[in-house]
Amino acid sequence: MLVFAHRGASADAPENTLEAFELAFTQGAHGIEFDTYQHSEGIVVFHDRHLARTTNGHGKLLDTPLQLLRELNAGNHNQIPVLSEVFSITPKTVWCNIEVKYLHDAKTWVEAVKADIWKSDISLDKVIVSSFNHHWLKEIKRHWPEVCLGALTATYSLDVTLDAKGLNARNIHVALDIVSEAFIEEAHSAGFIVLVYTVDEPEDMKMLKSWGADGIFTNKPSLAIKTIT
Ligand code: G3P
Ligand code: MG
């Protein structure tokens, strides 16, 4: 079962920072998950629409010029990273799950992500693009047919695989609260990989392993590696 560090090793370092990603690699995570916004000046790695919870700034991320964003303290004096910086520190053996929290234009987004991959050591076969907004995923896939998609869901739909099939996704990323053994079986029989978020309790990690989940997103990769691998 794969262990993805959710927003990096975010139980032990400020979320979505280079420090949290470095720590995830040290702790042996198989992958990192991080959240991104297509800001007018670049792809910014950040979870919330507003700055206040995780930085010393205030207001909306998308309304703030990149230079000002970069002057903020995202915890332990880390800067808010841009996508190319995350790629530049990621070993090529580690999976990168780019979660799209805001997309303005799929074509320029795809061009920018491809350029950032090309400048780094990572390869496309270790990249997963996910989002709760399946319309954005569809647009991204249209401009980038070979990219691996993860259809995020917090809903146990009447047809579990409908959107993932429509998107030609490889993965379904499902919330711990609603996943079940039957959900995983149904997704597996349709050929999808199932990753579950956000799993920090050893009991849940063991349960998901027994159900055959392919991986988890956890804020505690070190604990997960110890518990389930
Ligand atoms: O990608 C899994 C998980 O990160 C989705 O929820 O809100 O933590 O980005 P959130
Ligand atoms: Mg996320």
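For ligands, and for the atoms within them, numbers begin at 1 and follow the listed sequence. Not measured: the values here are computed from a predicted model.
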Any donor-acceptor pair under 3.5 Å linking the side-chain atoms of [Y] with those of [X]?
X    : Y    : value
T108 : Q38  : yes
D125 : S123 : yes
D12  : Q27  : yes
D163 : H134 : yes

Are V196 and F217 close enough, and set up right, to give a side-chain contact (heavy atoms from CB on, under 4.5 Å), and what steps lead you there?
-> CA-CA 6 Å; V196 183; F217 299 97; over 6 Å; no
Nearest to the Mg ion (ligand 2), which N, O or S atom of [X] do we find?
X   : result
E99 : OE1
E33 : OE2
D35 : OD1

Which protein heavy atom lies closest to atom 6 (O) of ligand 1, and at what distance to 0.1 Å?
->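 Ranked first by proximity to atom 6 (O) of ligand 1 is F132 CE1, 3.7 Å.
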Which ligand 1 atoms are under 4.0 Å away from a heavy-atom of [X]?
X    : result
H47  : 7 (O), 8 (O), 9 (O), 10 (P)
E33  : 1 (O), 2 (C), 3 (C), 4 (O)
R7   : 7 (O), 8 (O), 10 (P)
K101 : 7 (O), 9 (O), 10 (P)

Heteroatom proximity flag, [X] to ligand 1, N/O under 3.5 Å:
X    : value
S130 : no
E99  : yes
H6   : yes

Evaluate the criterion side-chain contact (heavy atoms from CB on, under 4.5 Å) for residue pair N97 and I32; output intermediate values, then yes/no.
-> CA-CA 6 Å; N97 182 177; I32 53 172; over 6 Å; no
Which part of D35 is near ligand 1, with near meaning a heavy atom under 4.0 Å away: side chain, backbone, both or neither?
->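 For D35, only side-chain atoms sit under 4.0 Å from ligand 1.
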Intermediate values then yes/no, side-chain contact (heavy atoms from CB on, under 4.5 Å), E99 and L152 = CA-CA 9 Å; E99 185 187 338; L152 264 164; 3.6 Å; yes
Determine, step by step, whether D200 and K220 satisfy the salt bridge (Lys or Arg N to Asp or Glu O under 4.0 Å) criterion, reporting the C-alpha distance in whole Å, the side-chain angles of both residues, the deciding distance to 0.1 Å, and the verdict.
-> CA-CA 6 Å; D200 285 346; K220 301 178 173 178; 5.3 Å; no
